[in-house]
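The next block holds one structure in the form of structure tokens; read it before the comments.
So you know, we letter chains A, B, ... as the sequences are listed, proteins then strands, and number each from 1.
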2 protein chains.
Amino acid sequence: MRKGQYTMQDIANELGISKSTVSRALKNHPDISQDTKDAVHKLAKEKDYQPNSLALSLRHNKSFVLGIIVPEIVHDFFANVISGVQKVAYNEGYNVMICISNESTEQEIVDTKAMFSSRVDGLLISRTKESNDLSHLKSIVNKGVPLVMFDRVSEELNVSKVITDDFQGAYMATEHLIKQGCKNIIHLSGPDNLAIGRNRKNGYLAALKDYNIAVDENMIIPCPKGDLDEGKSTMYDIIDQKIEFDAVFANNDVTAIGAMNAAKEKGLSIPNDVSVIGFGDWRLSQLLDPPLSSIEQSGVDIGVTAAKLLLEQIRAEEKDEDFTPRTEVVESHLIKRGSSIHN
Amino acid sequence: MRKGQYTMQDIANELGISKSTVSRALKNHPDISQDTKDAVHKLAKEKDYQPNSLALSLRHNKSFVLGIIVPEIVHDFFANVISGVQKVAYNEGYNVMICISNESTEQEIVDTKAMFSSRVDGLLISRTKESNDLSHLKSIVNKGVPLVMFDRVSEELNVSKVITDDFQGAYMATEHLIKQGCKNIIHLSGPDNLAIGRNRKNGYLAALKDYNIAVDENMIIPCPKGDLDEGKSTMYDIIDQKIEFDAVFANNDVTAIGAMNAAKEKGLSIPNDVSVIGFGDWRLSQLLDPPLSSIEQSGVDIGVTAAKLLLEQIRAEEKDEDFTPRTEVVESHLIKRGSSIHN
DNA sequence: TTTTTCATTTCAATCGGTTGCGCTGATTTT
DNA sequence: AAAATCAGCGCAACCGATTGAAATGAAAAA
């Protein structure tokens with residue numbers, strides 16, 4: 001970068017014409033003679049001229065960059081979302097700038113500001129688990145930046161959202177366990193401040209109700225962190241407390257894996273003593289022993305849907321059209337595997 | 001974005017001063033009176049003024065953005081590298097722009113140009129498997145953009161590189177198998193056009209030689225795609241051809257898992273009939289049955305090292321100092337697990 | 001009173017590309 | 001031959017922030 005870049009002015013100087021002519025020649029403006037166009041194109045190719053997007057963005061107030069903030073990246077779901085977003089963005093001529101909040105609200109705030117500063121044309125975000133602070137998001141929305149939330153969304157914000165059908169997925173998972181003959185189904189629930197966690201819990205509750213199984217609040221155990229160790233230690237606690245159970249529906253696959261590992265270590269057989277089902281369908285969940293049943297949430301679909309929604313809004317606003325934010329629900333699917341199927 | 005942003009000029013107008021004064025006031029330039037500074041800071045805070053990075057970048061010929069191009073993102077190794085890069089970049093005030101080449105050279109070329117157009121201050125890249133075309137990389141280097149290659153590097157390019165000690169890792173893996181008593185070790189090798197694959201093969205060969213085991217070229221089977229299905233089908237072929245073997249060292253974990261699954265399906269016991277070891281240590285490899293032995297390649301370390309190297313070069317060139325590209329080798333470690341340990 | 005000095009502030013160019021408008025000279029119309 | 005038309009190109013402002021140099025005005029020195 002330090003060295004001077006090769007600019008339109010340079011082309012202009014070499015050819016003894018003005019840079020406006022160069023600019024128009026490069027985009028085949030009808031005002032420019034064919035001779036001039038040819039000369040300009042030839043030189044531009046020779047010198048491998050590449051336009052400076054910064055200058056363009058500044059001029060047009062438009063960067064052709066979409067921002068995306070995810071809590072983690074070493075995570076199949078988010079990685080899939082990103083690849084879905086990229087696919088759509090590429091096809092529409094946009095680039096993607098990614099920030100990782102690392103599940104930290106402070107980082108999320110910094111990232112949001114950075115995104116605004118670099119004038120992304122729109123922002124996609126899945127929030128950190130920990131916080132309820134929305135001021136930074138409100139602020140960026142007020143400044144007119146189109147925002148789409150996905151997966152971990154907040155109802156309070158009037159923006160477009162893309163979510164999986166958490167309720168339905170949890171309902172299917174629970175129903176599946178019930179149909180396998182399970183009566184005492186533990187739910188390892190997610191953080192209560194995220195709709196996602198609440199919806200999954202509600203799906204679980206609804207299935208129990210529909211099948212006339214009494215709800216025992218002690219069987220709903222919060223696992224807000226949702227990592228392997230939490231799943232493990234929670235399962236140890238459950239077993240130590242001699243809570244009677246024959247199935248576990250976890251808020252996510254990692255927690256389910258932790259619980260499964262702990263149960264196996266304690267000598268319980270899966271799925272015969274305990275059926276286990278997760279949520280999210282990790283790429284490798286099918287390779288476990290036994291393979292983990294799960295609710296498939298297509299990260300790619302969510303990414304694609306969210307990116308399209310965002311671009312729709314960006315374009316509407318560019319044309320000064322009204323755009324009413326909406327929420328799209330991406331279907332989830334029950335994946336039955338060995339961890340929950342009784343022989 | 002469409003709506004006018006709140007700029008320094010706006011602050012200047014409201015306060016009846018010039019924008020240069022606003023600029024200096026915001027950065028506490030000594031020339032500006034305290035009263036003016038206070039007024040400017042107050043208004044800036046009130047209106048939530050955020051500087052336009054595009055304008056800054058254009059002015060300073062410096063974007064504070066590092067670009068990174070990876071072949072895949074739904075991949076623990078690359079995701080870890082990215083998170084390592086992000087960590088370093090954040091601390092140094094840089095943002096990260098990510099592109100995914102999807103193992104396609106054309107995409108890689110497009111991405112490289114896009115990165116240059118948005119004037120990243122430096123570029124990190126791990127190449128696609130398929131190609132040997134380096135012209136786009138040469139071109140960006142010629143334009144003065146610092147470039148660091150990691151993991152999948154090319155010797156032909158005189159730039160900094162960060163690699164794992166593939167030779168040593170492969171040697172350790174092979175040695176480990178030999179020490180477990182294995183005599184007929186199959187190597188599922190990687191693509192030959194990448195140094196990474198060649199080095200691993202050489203490590204395997206060196207270990208065999210050191211332990212006086214004859215090399216059988218038929219036991220070295222290329223798996224250039226390196227995906228699950230290739231691992232599986234290759235293993236089926238091997239078994240069908242009745243090749244005698246008691247161990248498999250695969251170029252990566254996914255291939256190893258594919259081979260392991262296929263072997264299990266064919267009724268072979270792991271590790272008793274066949275010992276298996278992979279390369280790369282996937283996050284979930286330890287959760288398999290049996291857990292997969294592997295050579296740990298710390299993606300995070302590679303990302304951190306590569307980012308630091310890139311920043312070092314960027315800074316040197318900013319100060320017009322010379323910088324000689326160098327190659328850093330990140331250690332790899334043998335992780336022994338159930339898939340290779342004989343009882 | 002005139003000249004210096006100094007603290008503040010403004011002016012204007014700059015980064016690279018875009019674009020409305022005006023200018024030039026040649027060709028066509030009347 | 002004078003007027004109108006038009007192709008082709010250049011001028012200059014603009015996007016938002018920075019920065020060296022010049023300007024302003026008031027207080028201090030001569």
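The backbone N or O of B/F64 sits less than 3.5 Å from a side-chain atom of B/D121, completing a donor-acceptor pair. For A/S117 (side chain) and B/P51 (main-chain N/O), a donor-acceptor pair under 3.5 Å exists by modelled atom type. Judged by distance alone, with hydrogens and angles left aside, the side-chain atoms of A/D322 form no donor-acceptor pair with the main-chain N or O of A/T324 at under 3.5 Å. Looking at A/N80, its side chain never comes within 3.5 Å of a backbone N or O of A/F77 through a donor-acceptor pair. B/R119 places a side-chain N or O within donor-acceptor distance of the main-chain N or O of B/F116, the cut-off being under 3.5 Å.
Here A/A195 pairs with A/E155, A/R198, A/N199 under the side chain to side chain contact (heavy atoms under 4.5 Å, CB included) rule; sequence neighbours left out.
Between the NE2 atom of B/H29 and the C1' atom of C/dT9 there is a distance of 12 Å, rounded to whole Å. Spacing between atom CD1 of A/I11 and atom P of C/dG17 amounts to 8 Å, rounded to whole angstrom units. We find that CZ of A/R59 is positioned 16 Å from P of C/dG16, with the value rounded to whole Å. For the pair A/K62 NZ and D/dC14 P, the interatomic distance rounds to 24 Å; values are reported in whole Å. Counting to the nearest Å, the P atom of D/dA23 and the CD1 atom of B/I17 are 21 Å from each other. Rounded to an integer number of Å, the gap from A/Y6 OH to C/dG16 P is 13 Å. In this structure, A/L56 places its CG atom 12 Å from P of C/dG16, rounding to the nearest Å. Per the geometry, CG belonging to B/L58 stands 12 Å off C1' belonging to D/dC14, to the nearest Å.
Heavy-atom nearest nucleotides on DNA chain C were determined for B/G16 and for B/K19, and the one closer to the 5' end corresponds to B/G16. For the pair A/S20 and A/P30, both in contact range of DNA chain D, the more 5′-proximal nearest nucleotide belongs to A/P30.
At the heavy-atom level, A/S33 lies under 4.0 Å from the strands shown only through sugar-phosphate atoms. If you check every strand for non-hydrogen atoms under 4.0 Å, A/K27 touches sugar and phosphate atoms only. Heavy atoms of A/S57 sit nowhere under 4.0 angstrom from any nucleic acid atom. Counting any heavy atom pair closer than 4.0 Å across all strands shown, A/D31 reaches a base atom.
In the helix from C/dT1-D/dA30 to C/dT30-D/dA1, the end axes, each obtained as the rotation axis mapping the C1' atoms of four pairs onto the next four within a five-pair block, lie 80° apart to the nearest 10 degrees.
Note on A/Q5: a side-chain N or O is less than 4.0 Å away from OP1 or OP2 of C/dG16. Taking only side-chain nitrogens and oxygens, B/T36 comes nearer than 4.0 Å to OP1 or OP2 of C/dT9. Note on A/S18: a side-chain N or O is less than 4.0 Å away from OP1 or OP2 of D/dG10. In this structure, A/S23 does not reach the C/dG17 phosphate: none of its side-chain N or O atoms is under 4.0 Å from OP1 or OP2.
Side-chain atoms of A/L124 and A/V81, non-hydrogen and from C-beta on, never get closer than 4.5 Å to each other.
Figure legend: cation-pi geometry between A/R152 and A/F150 absent, as NZ or CZ is not positioned both under 6.0 Å from the six-membered ring centre and within 45° of its axis.
Here the side chain of A/T21 is nearest to one of C/dG16, D/dT19, D/dG10, namely D/dG10. For A/Y49, the listed nucleotide lying nearest its side chain is C/dG17; candidates were C/dT10, C/dG17, C/dT18.
The base of C/dT8 has none of its N or O atoms less than 3.5 Å from a complementary donor or acceptor on the side chain of B/R24.
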